[in-house]
Amino acid sequence: MSFFETAARDPIFWLHHANIDRLWEAWLALEDHVNPTGRRWDPWLNTWFKVGSGASAVTLRVRQVLDTRQPPLNYFYSNISVPAPAPAVVLTASSATDSGFAEEEPVSQDIPLEMVGASETRVPLAAEPTEVEVAIEAPSGPALRERAEGAQPRKVYLQVENVRGRALAAPNYRVYVNLPPGADPTAYEDRRIGQVSMFGVREASESGEGLTFSFDCTRVVERLQKTEEWDPERLRVTFAPVRPSAEKGGDVSVGGVRLFYA
Amino acid sequence: MSITTVRAVNYDIRDKLRRISWHHPEWWVVMAAAVAWMFIAGVSLVGMSHPHASSTGSTPVGMSHAHVSHTGIILGRGHGQGMLGTVAMVIAMMLPLTLANVRHVALSSLWRRRHRAIAVFLVSFIAVWIVVQIAIVGTWGLLTPLVGWQTAGGVAMVAAALWEVAPIKRQRLRRCHRTMPLAPRGWRADADCARYGVTTGFSCVTTCWALMVAAAAFSHSLMVMTVLFGVQMSGRYQRRPSPILAALAVLGVCLLSIAALFAHHPHH
C-alpha cells in the first residue's frame, strides 16, 4: 500500500475507496446536499481518467460518474445510512482550567504562526526508533508580544517536512515527543502526536520535495507541562516504526522537524 | 476632525500595516518588483519623448540605431543591457515568481531572522539570473550579426511559443515549487537560504529561459516584457494554466512587435 504502482493490488485499497464513494452517496442523500454545478466547477467536472489499457481502455469524465444509477455505472448502494458520529475522546489530563494554555479561547487568525525551533540535520527513518532534538527559542514575534508577560502559546504545532527516500524500512512511523531515553514508545501513548505515512513518499521524492506533515500537539505539550516534563528550551521527537520490514533496509529520511507557536 | 481622532486613525492604519507585514513577510519583495517595473516603464517613456536618447546608454542588441525609435514601449530600448537594466529586469520579471518560495523561507525562519533569510535567498536567486541574463544578451549580440536579426528573432519567437506547449516545460515548472529544509540559526541557516536561492534560480532558468531569450530578441520592450511576464505569472500561479493560450500570447506579442518594427522601418 505504500507505493502508487502497487497500492491497487491490496484489497484494502478497494474497500477504502469504495467506502469513500458510498459515504459521498450518504452525504448526497441528506437534505440540501447536492453535487457541485455551475461553470466554476467545469475544470473539475471535465477532468478525465483513463481506466484500463489497449482496446478495452475506457475514458470517463467526472461529470459522467456523478450518478451511480445512470450509465455507465448502473449500480446503487444497499445502505447509505449516515454513520454515527465518533464518540468524544476524553483525555483525563487535558483540562485547561489551570494550565497556561488558553484552550477555550479560539486561536486568533490575526496572530501568525511563529517558528521557534528546528532540527539541524536530516533524521533517518529506520527499522528502529530514531530521535532528534530541537533547541527551542523563546518567541520574539507577535505570538508573544500580543499577550501578557509569561503567557503560554495557545497552540503548538510540529511540522515534519521534506520526508524523502525510495526504500522503506517501515510503512508508517508514529511520532512521539519527549520520550524518556531508551523508553519503549508503546508505553507512552499519551505522548504520541500523530503518524507519518510513507504512502507516496517515493513518487514525491522523485518529482519534488517529498512529503510534509503537520501535527497539532497542543494537548500533549499541555500534559507534559502539567507533569513538569516539558522543557521550554528543548524538544525531543521520536519516530517509531510500525511493522518494520524484515530486511531492515531503507533510505527514507526526514528533512527537518520544525516547532511553531501561535 | 480633532487631533485625537487623527492620531487614532493613524494608529489604526499603522496597526493594520503592521499586521499585514506579520502575515505577508514577502511584502517588500512585491514592492521591489513594483519599483523595478516603474523604472522600466520610466525608461520606455523617456524613450518615447526623446527618440534619439538611449537612457541606458546602449543600443538594443542586434538592431541598428534606427530601431531605437519613439516606439520604445513596443520596440524596446535595451533595458536588459547594463548592470542596472539587467538587475531591474530580473527583479521586475523574476521576483514575483518566487513569492511562494520567499514565504517558505520567511515562515521557516526564526522571527528575528525572517527578513535576513529572505534577503540571502533573493541575493542568491538574483545572482543566478544576472549571470544567465548577461550570457543571453551576450550570445544574442554575437549571434545576430551572423544570421541576421529577422532569422534569430523568428527562431527565438517560435522556440518560446513551442516551449510553452512542451510537456517538459511543465515538468521543469514543478521544480520551481520545491521547498527544502532550512537550518534554524547561525551560518548554516544563511548557507541553506543561499543554497535554496541558487536551486530555485536554476529551476527558474530551466523553466523560463525561452521567454527570456524572446525578451532579449525584442530588446526587452515594455510591451513584450509585460506580456511575457503575464505568461510566466499565469504558468506559476494559475491552477490550470493553458499552454496553448500562453503560446498564442507569446506569438501574438512578438508578431505585433515585428509588425510595429516594419511599420516604422519598412526598409527592414
Side-chain angles (χ1 to χ4, degrees), chain A residues 40-47 108-123 132-146 153 157 159-164 203-212 214 234-235 253-262, chain B residues 12 15-27 100-101 103-118 167-168 170-193 195-196 199-200 203 207 238-242 245:
Chain A
R40 74 189 183 98
W41 290 100
D42 278 354
W44 176 70
L45 291 168
N46 289 328
T47 301
S108 166
Q109 294 299 310
D110 206 27
I111 296 181
L113 285 175
E114 179 173 346
M115 202 279 280
V116 292
S119 58
E120 298 274 354
T121 55
R122 294 192 77 86
V123 190
V132 62
E133 289 219 339
V134 174
I136 306 172
E137 281 199 8
S140 58
L144 179 76
R145 265 186 274 149
E146 293 282 298
Y157 298 97
Q159 186 164 285
V160 177
E161 59 192 25
N162 301 107
V163 180
R164 302 189 65 178
E203 292 79 5
S205 306
E206 282 167 0
S207 62
E209 65 207 28
L211 300 176
T212 291
S214 295
R234 196 154 290 278
L235 172 74
S253 62
V254 174
V257 172
R258 221 164 278 276
L259 189 70
F260 293 87
Y261 284 172
Chain B
D12 248 25
D15 189 53
K16 280 202 173 94
L17 289 175
R18 197 164 52 114
R19 284 171 192 279
I20 288 172
S21 75
W22 289 351
H23 291 278
H24 298 283
E26 72 279 15
W27 66 270
N101 310 83
R103 275 186 72 77
H104 167 69
V105 168
L107 303 181
S108 301
S109 299
L110 293 167
W111 194 270
R112 60 183 167 80
R113 283 187 46 90
R114 275 185 160 194
H115 295 291
R116 174 188 172 133
I118 294 175
I168 192 172
R170 288 191 285 285
Q171 285 174 16
R172 301 280 183 217
L173 184 61
R174 277 199 285 274
R175 293 185 183 185
C176 299
H177 295 267
R178 278 183 179 179
T179 61
M180 60 177 272
L182 308 172
R185 59 182 70 79
W187 68 268
R188 289 193 53 197
D190 288 333
D192 280 353
C193 289
R195 192 157 58 95
Y196 185 47
T199 309
T200 308
S203 299
T207 307
Q238 251 195 318
R239 181 172 284 183
R240 286 173 182 270
S242 164
L245 208 60

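In what follows, chains carry the letters A, B, and so on, assigned in the order in which the sequence lines appear, proteins first and then strands, with residues in each chain numbered from 1. For clarity, every value in this text was computed on a predicted model and none was experimentally measured. The analysis underlying the following values was restricted to heavy atoms, covering all of them including side chains, and did not include hydrogens, waters or symmetry mates.
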Review point. Measuring heavy-atom distances to chain A, does S108(B) have an atom under 4.5 Å in its side chain, in its backbone, in both, or in neither?
Key: both

Point to revise | Closest non-hydrogen atom pair between P184(B) and A118(A), with its separation | key: CG-O, 3.5 Å

Check your understanding: Which answer fits E161(A), side chain, backbone, both or neither, if we ask what part of it has an atom under 4.5 Å from a heavy atom of chain B?
Key -> side chain

Study note, to complete from the structure: Nearest heavy-atom approach of L110(B) to E137(A) is CD1-OE2, 3.4 Å

Exercise for review: Check whether T212(A) gets within reach of chain B through its side chain, its backbone, both or neither, counting any heavy atom under 4.5 Å.
Suggested key: neither

Point to revise | With sequence neighbours excluded, residues passing side chain to side chain donor-acceptor pair (under 3.5 Å) with T199(B) | key: none

Practice item. Indicate the atoms forming the closest heavy-atom contact of E209(A) with R178(B), along with that distance. Key: OE1-CA, 3.1 Å

**Study point:** Non-hydrogen atoms of S140(A) and W111(B) that approach each other most closely
**Key:** OG-CB, 3.7 Å

Check your understanding: Is it the backbone or the side chain of L182(B) that comes under 4.5 Å from a heavy atom of chain A, or both, or neither?
Key -> both

Exercise for review: Check whether any side-chain heavy atom of R188(B) lies under 4.5 Å from a side-chain heavy atom of T121(A), and answer yes or no.
Suggested key: yes

Exercise for review: For H23(B) and P112(A), work out which heavy atoms get closest and say how close.
Suggested key: CE1-N, 3.9 Å

Review point. How far apart are the closest heavy atoms of P181(B) and G255(A), and which atoms are they?
Key: CB-O, 3.5 Å

Exercise for review: Count the heavy atoms belonging to other residues, nucleotides or ligands that lie under 6.0 Å from CZ of R116(B), then report whether that count exceeds 12.
Suggested key: no

Review point. Is there a side-chain contact (heavy atoms from CB on, under 4.5 Å) between R114(B) and M115(A) once you walk through the steps?
Key: CA-CA 10 Å; R114(B) 275 185 160 194; M115(A) 202 279 280; over 6 Å; no

Point to revise | Heavy atoms of other groups near W41(A) CH2, more than 12 under 6.0 Å | key: no

Check your understanding: Contact part of R112(B) toward chain A, heavy-atom cut-off under 4.5 Å: side chain, backbone, both or neither?
Key -> both

